Novice: 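Structure in structure tokens, see below.
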Amino acid sequence: QVQLVESGGGLVQAGGSLRLSCTASRTIFNINDMGWYRQAPGKQREMVASITRGGSTNYAASVKGRFSISRDNAKNKVLLQMNSLKPDDTGVYYCTAKIGNGEDWVYWGQGTQVTVSS
């Protein structure tokens, strides 16, 4: 059962922008932190950005100043605005979520491909 659904990936030239969105199933309750990870070929999965229920954000150093994460708690939705994209941003982007006071990212989406050409 897919409980997080991402959209917005695609092909873009360097310097361009994309906006990713992720919506959690209505069956998921007590959503706490939400975030985005990415996986590029030959690289480890890395956290891109996260946001608490109250709106506090964290970013990977590589995307700070270029990406912006936001959320709509009423809709269980999280967005990732990606500007000034670089080829190194290429990868599969996964939406993830924590529930309650849990420390682990327990819900994951299917992923959406982001490809940035030179």
Side-chain angles (χ1 to χ4, degrees):
Q1 183 178 4
V2 177
Q3 294 183 286
L4 297 176
V5 179
E6 305 102 331
S7 64
L11 174 64
V12 65
Q13 290 188 329
S17 298
L18 286 172
R19 189 180 74 165
L20 307 183
S21 65
C22 170
T23 302
S25 171
R26 295 176 183 177
T27 63
I28 302 177
F29 302 101
N30 299 323
I31 294 284
N32 197 345
D33 294 4
M34 299 189 77
W36 293 90
Y37 278 72
R38 68 186 180 190
Q39 177 72 57
K43 292 187 176 182
Q44 296 180 336
R45 185 183 66 177
E46 63 177 348
M47 190 196 75
V48 177
S50 65
I51 184 167
T52 68
R53 191 169 186 85
S56 180
T57 59
N58 283 293
Y59 297 93
S62 60
V63 307
K64 192 176 298 181
R66 299 187 297 118
F67 291 11
S68 179
I69 188 170
S70 60
R71 67 187 293 168
D72 183 336
N73 292 334
K75 297 180 179 179
N76 273 1
K77 187 174 183 178
V78 62
L79 304 174
L80 184 68
Q81 178 67 45
M82 305 186 295
N83 299 322
S84 301
L85 283 161
K86 304 175 180 179
D88 285 349
D89 295 319
T90 294
V92 179
Y93 284 68
Y94 297 93
C95 178
T96 187
K98 299 177 181 179
I99 59 172
N101 294 322
E103 296 294 327
D104 297 329
W105 300 102
V106 295
Y107 291 100
W108 294 86
Q110 294 288 305
T112 185
Q113 177 70 44
V114 171
T115 303
V116 184
S117 62
S118 300

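This one's a predicted model, so the numbers in the text were calculated from it and none came from an experiment.
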Novice: Would you please say whether a donor-acceptor pair under 3.5 Å links the side chains of Thr90 and Thr115?
Specialist: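 The criterion, which ignores hydrogens and geometry beyond distance, is not satisfied for Thr115 and Thr90.
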
Novice: Side chain to side chain contact (heavy atoms under 4.5 Å, CB included), that's the test. Do Val48 and Tyr59 meet it? Break it down for me.
Specialist: CA-CA 6 Å; Val48 177; Tyr59 297 93; over 6 Å; no

Novice: Do the ring planes of Phe67 and Tyr93 sit parallel (below 30°), tilted (30 to 60°) or perpendicular (above 60°)?
Specialist: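 Plane angle between 30° and 60°, so tilted.
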
Novice: For residues Asp33 and Thr52, is any side-chain donor paired with an opposing acceptor at under 3.5 Å?
Specialist: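 No pair is found: no donor N or O on one side chain lies under 3.5 Å from an acceptor on the other.
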
Novice: To the nearest 0.5 Å, what is the distance between OH (Tyr94) and CD (Gln110)?
Specialist: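 If we round to the nearest 0.5 Å, Tyr94:OH and Gln110:CD are 8.5 Å apart.
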
Novice: Quick check: do Tyr107 and Ile99 have side-chain heavy atoms less than 4.5 Å from each other?
Specialist: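 Contact flag for Tyr107/Ile99 side chains = yes.
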
Novice: Do you know the tightest heavy-atom contact between Ala97 and Ile31?
Specialist: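 Nearest heavy atoms, Ala97 then Ile31: CB-CD1, 4.0 Å.
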
Novice: Is there a donor-acceptor pair under 3.5 Å between the side chain of Asn32 and the backbone N or O of Gly100?
Specialist: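 Yes; at least one donor-acceptor contact below 3.5 Å.
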
Novice: Quick one: CD1 on Ile28 to CG on Leu4, what's the gap to the nearest 0.5 Å?
Specialist: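 So the CD1 of Ile28 and the CG of Leu4 are separated by 5.0 Å.
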
Novice: Please determine, by modelled atom types, if Trp105 and Tyr37 share a side-chain donor-acceptor pair under 3.5 angstrom.
Specialist: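 Yes, side-chain donor-acceptor contact under 3.5 Å.
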
Novice: Please check this pair: side chain of Arg19 against backbone of Leu80, looking for a donor-acceptor N/O pair closer than 3.5 Å.
Specialist: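 No: the side chain of Arg19 does not pair with the backbone of Leu80.
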
Novice: Begin with the C-alpha distance, continue with both residues' side-chain angles, and end with the deciding distance and a verdict on side chain to side chain contact (heavy atoms under 4.5 Å, CB included) for Lys98 and Asp104.
Specialist: CA-CA 6 Å; Lys98 299 177 181 179; Asp104 297 329; over 6 Å; no

Novice: Could you walk me through whether Leu18 and Val114 pass side chain to side chain contact (heavy atoms under 4.5 Å, CB included), step by step?
Specialist: CA-CA 9 Å; Leu18 286 172; Val114 171; 3.9 Å; yes

Novice: Heavy-atom distance under 4.5 Å between the side chains of Thr23 and Lys75, does that happen here?
Specialist: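 Result no, sub-4.5 Å side-chain heavy-atom pair not found.
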
Novice: Checking side-chain contact (heavy atoms from CB on, under 4.5 Å) between Cys22 and each of Thr96, Asn76, Val78, Leu79, which is the one that passes?
Specialist: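 The side-chain contact (heavy atoms from CB on, under 4.5 Å) with Cys22 is passed solely by Val78 among Thr96, Asn76, Val78, Leu79.
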
Novice: So, for Arg71 and Ile51, which heavy atoms are closest and what is the spacing to 0.1 Å?
Specialist: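 Where Arg71 meets Ile51 most closely, the heavy atoms are NH1-O, 3.2 Å.
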
Novice: So, the side chain of Gln3 versus the backbone of Ser25: is there a donor-acceptor pair under 3.5 Å, distance only?
Specialist: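 Pair absent, no side-chain N/O of Gln3 close to backbone of Ser25.
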
Novice: Does Leu20 offer a backbone N or O that forms a donor-acceptor pair with the side chain of Glu6 under 3.5 Å?
Specialist: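 Between the backbone of Leu20 and the side chain of Glu6 there is no qualifying donor-acceptor contact (under 3.5 Å).
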
Novice: Under 4.5 Å between any side-chain heavy atoms of Ser17 and Gln81, yes or no?
Specialist: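 Of all side-chain heavy-atom pairs linking Gln81 with Ser17, at least one is under 4.5 Å.
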
Novice: Please say whether more than 12 non-hydrogen atoms of neighbouring residues, nucleotides or ligands are located less than 6.0 Å from CZ in Arg53.
Specialist: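 Enclosed: over 12 neighbouring heavy atoms sit under 6.0 Å from CZ of Arg53.
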
Novice: Do the side chains of Cys95 and Trp36 get nearer than 4.5 Å, heavy atoms only?
Specialist: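 The answer is yes, as the side chains (C-beta and beyond) meet within the 4.5 Å cut-off.
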
Novice: What residues form a salt bridge (Lys or Arg N to Asp or Glu O under 4.0 Å) with Arg38, not counting sequence neighbours?
Specialist: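 Glu46, Asp89.
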
